[in-house]
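First up is the structure itself, then whatever we jot down about it.
So you know, we letter chains A, B, ... as the sequences are listed, proteins then strands, and number each from 1. These values consider heavy atoms only, across backbone and side chains, with no hydrogens, waters or symmetry-generated copies.
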Amino acid sequence: MAWLRVTEALRAPVGADVTVKGWVRTRRDSKADGGLSFIALHDGSCFDTIQVVAKGDLSNYAGEVAKLTTGCAVECDGVIVQNPKGGNEIGASAVRVVGWVDDPDHYPIQPKPHSFEYLREVAHLRARTNTFGAVARVRHCLAMAVHRFFHERGFYYVHTPIITASDCEGAGQMFRVSTLDTMRPLPRVDKEAQRAEAKEHCKDLAAKANMPPWTYGQVDHSGDFFGKEAHLTVSGQLNVETYCMALSRVYTFGPTFRAENSNTARHLAEFWMIEPEIAFADLAADAQLAEDLLKHLFRTVLEERADDMKFFAERIEKTAVERLRMIVDKPFLRVTYTDGIAVLEDAIRKGKTFEFPVRWGSDLQSEHERFLTEEHFKQPVILTNYPKGIKAFYMRLDDGCEPDRQTVSAMDVLCPGIGEIIGGSQREERLDKLDARLEEMNLNKDDYWWYRDLRRYGTVPHAGFGLGFERIVQFITGMQNIRDVIPFPRAPGQAEF
RNA sequence: UCCCCGAUAGCUCAAUGGUAGAGCGGCCGGCUGUUAACCGGCAGGUUCUAGGUUCGAGUCCUAGUCGGGGAGCCA
């Protein structure tokens, strides 16, 4: 008897002998025909369950089948039959219980709607719900689609490091990576005892001349694992640029870390980021790549996960499918920052009020971005050419700007409902200009020695962007909280599981 | 980090400062090719923690912990 996954069994020909294996979602009983039970079985292979019909003549019917509860693991042999109301079901010839649910009254996943807040507290079991199963399949589908997109276009997947000793990425607070702390007294609950212990520890350390002084002043990292300060990466961009300057088209797709104490439905301390980098390319090519990638992802998920997307549209976000279809069908708008400001100022003249002021030179607030993409243009917009004062040092200065309106070749892709989903730029490939920017921003040139080398040895115009993977999963599924689109969310004060 | 809101049965929520309840889930029974099934019964509680006010606190006050929404930062 062939073991089929549920998705295969649902499409198997009537009359086929099959075995399915999975977990019970619900069981309903009937007294007809001397007793029978309907078991909805899921195995993660698709959104739908398959109904297994187990009759009272099974040897273990009263003893086991009739006692199955939500979450039990079973193997069922049987024949594919047509359900009176349409679709395949399985007429069971055997139901083997592989794993019982201990104490069903307290099994955390009940056959009823649960709040997402609650399910976060049982993250080890939440994949068994239809929502989290659907999110997991969509997430996988998107990850595969990202690799396929780049592979088909001649990009190489570059593994950039997770641990970095270059403190120069400048994208927010970083997590320290160190083996030093275990050499220092750890904080104790009993502060008196700790002080006493610390004193002793100082004496011990002083006795050992080769130990780093740590009690006062700056920590000496020469004795640390890497011989200098190290952190978890906040971006693979600077590293991936080095490979771009040899392999022309590259991308990195991996975890990134931000130690910022930001507590929102759109931020994680650990998230996955996709960062392509293209050589011999300008901002326009970069924007086109971003648009092509997003559309490819939307098309793929609509095609390959139609079952899950139907669920998201029915239960999570009504427009989930419809808005992806719309976006796929028309070109993204390109609007300069300066024109965007003009649109906002015009809206204010017409009576629109914003909490924050609109002024050329300041960064757009989320309310401004939301107005542009949701109310004014009502579609994805690529905003380009931002003032240099609000952007990173590595972004290329635009040529021919007025002195007090200097912009850089940066872009943000704004999507209705989620805001900024992609941030990118053409990179500054001219060493003199890059050095001037480093100086302007009080950054130490020596810290960027290898990054500057790229501008000394065969520099070319190049560009790239960063796409937050969870943000795109959020946008596609309509899930409100980013903690529900990653299996094990990491956020301030949250590292359970 | 800032502002606002919340925490009561396994889950979702009620309860004027005066006996702690319902729906769902679980268990038992009835009915039924059922499918968010339906009907009846039973079990299930240190009302987040620590203090305080009061004759009396789930309810009021203080502090803390955790969670949610919004903002900032950003992806």
Side-chain angles (χ1 to χ4, degrees), chain A residues 25-41 48-55 66-67 69-71 81-87 89 91 101-122 125 129-130 170-173 234-237 255-275 315 355-356 363-367 369-370 390-392 412-415 418-424 465-475 480-486 491-494 496:
Chain A
R25 180 146 291 149
T26 59
R27 190 200 87 234
R28 290 173 296 276
D29 302 322
S30 171
K31 284 293 187 310
D33 300 340
L36 72 165
S37 290
F38 302 96
I39 300 161
L41 197 74
D48 291 314
T49 54
I50 193 162
Q51 177 159 285
V52 175
V53 183
K55 299 208 165 155
K67 289 178 179 164
T69 56
T70 302
V81 296
Q82 182 85 29
N83 183 290
K85 289 180 182 169
E89 62 179 30
V101 163
D102 183 41
D103 190 9
D105 188 24
H106 290 82
Y107 178 55
I109 308 297
Q110 298 169 359
K112 57 165 281 179
H114 289 292
S115 67
F116 295 142
E117 295 80 23
Y118 166 70
L119 290 171
R120 263 168 239 154
E121 293 168 11
V122 287
L125 301 172
T129 64
N130 49 22
Q173 289 289 105
V234 295
S235 163
Q237 182 200 316
T256 49
F257 306 86
R258 304 280 163 91
E260 261 137 25
N261 188 12
S262 59
N263 221 306
T264 81
R266 295 178 306 282
H267 291 84
L268 289 166
E270 176 182 289
F271 64 99
W272 288 64
M273 195 153 58
I274 298 148
E275 296 174 287
R315 293 294 181 85
E355 192 187 335
F356 292 91
D363 210 352
L364 296 180
Q365 301 293 316
S366 8
E367 59 170 345
E369 295 182 345
R370 243 182 288 125
I390 55 172
K391 289 292 178 184
D412 281 354
V413 180
L414 309 180
C415 278
I418 191 141
E420 183 190 334
I421 199 163
I422 282 181
F465 61 80
L467 167 60
F469 188 55
E470 284 73 21
R471 292 267 175 94
I472 197 84
V473 179
Q474 250 191 302
F475 177 69
Q480 295 288 304
N481 197 307
I482 199 164
R483 295 169 195 200
D484 298 328
V485 297
I486 187 167
Q494 212 176 29
E496 191 66 48

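Contact annotation: A:R483 side-chain N/O to B:G68 OP1/OP2 distance is under 4.0 Å. Under 4.0 angstrom from either OP1 or OP2 of B:U12 there lies at least one side-chain N or O belonging to A:S115. Between B:C74 and A:S262, no contact under 4.0 Å exists linking OP1 or OP2 to a side-chain N or O. Remark: A:Q365 is in phosphate contact with B:G72, judged by side-chain N or O atoms under 4.0 Å from OP1 or OP2. Taking side-chain N and O atoms only, A:N481 has a distance below 4.0 Å to OP1 or OP2 of B:G69. The side chain of A:T264 contributes no N or O atom lying less than 4.0 Å from OP1 or OP2 of B:C74. For B:G26, neither phosphate oxygen OP1 nor OP2 lies less than 4.0 angstrom from any side-chain nitrogen or oxygen of A:R27. The phosphate of B:U35 has neither OP1 nor OP2 within less than 4.0 Å of any side-chain N or O from A:R28.
Between the side chain of A:E260 and the backbone N or O of A:Q173 there is at least one donor-acceptor pair closer than 3.5 Å. Looking only at distances, no side-chain donor or acceptor of A:R25 sits under 3.5 Å from a matching main-chain atom of A:P111. Within the 3.5 Å criterion, the main-chain N or O of A:H267 finds no donor-acceptor partner in the side chain of A:S262.
In this structure, A:N481 and A:F116 have side chains that are not in contact, with every pair of non-hydrogen atoms separated by 4.5 Å or more. Using a 4.5 Å heavy-atom threshold, the side chains of A:L467 and A:I422 count as touching.
Residue-to-nucleotide proximity on RNA chain B shows that, of A:E470 and A:T26, the 5′-proximal contact is made by A:T26.
Closest approach of A:G71 and A:Y107 over heavy atoms only: CA-OH, 3.8 Å. Taking each heavy atom of A:R483 and A:Q494 in turn, the nearest pair found is NH1-OE1, 3.1 Å. When all heavy atoms are compared, the tightest approach of A:G86 to A:Q82 is CA-NE2, 3.7 Å.
A:E260 places its CD atom 8 Å from the P atom of B:C74, with the value rounded to the nearest Å. Following rounding to the nearest Å, A:N83 (CG) and B:G33 (C1') show an atom-to-atom distance of 8 Å. For A:N263 and B:G69, the CG to C1' distance is 11 Å, given to the nearest whole Å. For the pair A:H114 NE2 and B:G25 C1', the interatomic distance rounds to 8 Å; values are reported in whole Å. Rounded to a whole Å, the CG atom of A:D103 is 14 Å from the P atom of B:G44. Separating the CD atom of A:E355 from the P atom of B:G72 is a distance of 7 Å, rounded to the nearest angstrom. Distance, A:E496 CD to B:G67 P: 11 Å, rounded to whole Å. What separates CD1 of A:I422 from P of B:C74 is a distance of 18 Å, to the nearest Å.
The side chain of A:Q110 lies closest to B:C11, out of B:G72, B:C11, B:U34. Of the candidate nucleotides B:G70, B:C73, B:G67, B:C73 has the atom nearest to the side chain of A:H267. Minimum atom distance to the side chain of A:R258 is reached by B:C74, of the listed B:G33, B:U12, B:C74. Taking every side-chain heavy atom of A:K112 into account, B:C11 is the closest of B:G33, B:C11, B:G25. With distances taken from any side-chain atom of A:N261 to the nucleotides B:U1, B:U34, B:C27, the minimum falls on B:U1. The side chain of A:R120 lies closest to B:G68 when the candidates are B:G10, B:G68, B:U35. Proximity note for A:D363 (side chain, C-beta onward) versus B:G33, B:C74, B:C11: the nearest is B:C74. The A:P111 side chain lies nearest to B:G25 when the options are B:G67, B:U35, B:G25.
Remark: B:C27 base-pairs with B:G41. Criterion, Watson-Crick or G-U wobble with two distances under 3.5 Å. Judged by Watson-Crick or G-U wobble contacts below 3.5 Å, the nucleotide B:C60 has B:G52 as its partner. For B:A14, there is no paired nucleotide, since no Watson-Crick or G-U wobble pair has both relevant distances below 3.5 Å. As the counterpart of B:G6, B:C66 is assigned, both hydrogen-bonding distances of the Watson-Crick or G-U wobble pattern falling under 3.5 Å. Across all strands shown, B:G33 has no partner, as no Watson-Crick or G-U wobble contact with both distances under 3.5 Å is found.
At a threshold of 4.0 angstrom between heavy atoms, the contacts of A:E117 are confined to the sugar-phosphate backbone, with no base atom among them. Residue-level contact check: A:L268 touches the bases, meaning some heavy atom is under 4.0 Å from a base atom. Across all strands, A:F475 comes closer than 4.0 Å to no nucleic acid atom at all (heavy-atom distances). When heavy atoms are screened at a 4.0 angstrom cut-off, A:F38 is found touching base atoms of the nucleic acid. A:T256 comes within 4.0 angstrom of no nucleic acid atom, judged by non-hydrogen atoms across all strands. Using a 4.0 Å heavy-atom cutoff across all strands shown, A:T70 reaches no nucleic acid atom at all. Among the atoms of the strands shown, only primed sugar atoms or phosphate atoms (P, OP1, OP2) are found under 4.0 Å from some heavy atom of A:E420. A:E275 comes within 4.0 angstrom of no nucleic acid atom, judged by non-hydrogen atoms across all strands.
The base of B:G10 lies outside donor-acceptor range of the side chain of A:D105, with no N or O pair under 3.5 Å.
Atom CG of A:D102 sits in a sparse spot, with 12 or fewer heavy atoms from other residues, nucleotides or ligands closer than 6.0 Å. Other residues, nucleotides and ligands contribute more than 12 heavy atoms inside 6.0 Å of the NZ atom of A:K391.
Spacing of P atoms, B:G23 relative to B:A14, comes out at 16 Å, to the nearest Å. One P atom belongs to B:G17, the other to B:A71, and the distance between them is 34 Å to the nearest Å. Nucleotides B:U49 and B:C11 are separated by 15 Å at their P atoms, to the nearest Å. Comparing B:U8 with B:G41, their C1' atoms are spaced 25 Å from each other, to the whole Å. Only the C1' atoms considered, B:U16 is 14 Å distant from B:A57, to the nearest whole Å. Using C1' as the reference atom, B:G64 and B:G25 are 33 Å apart when rounded to the nearest Å. Comparing B:U19 with B:G56, their P atoms sit 15 Å apart, to the nearest whole Å. Comparing B:G18 with B:C61, their P atoms sit 15 Å apart, to the nearest whole Å.
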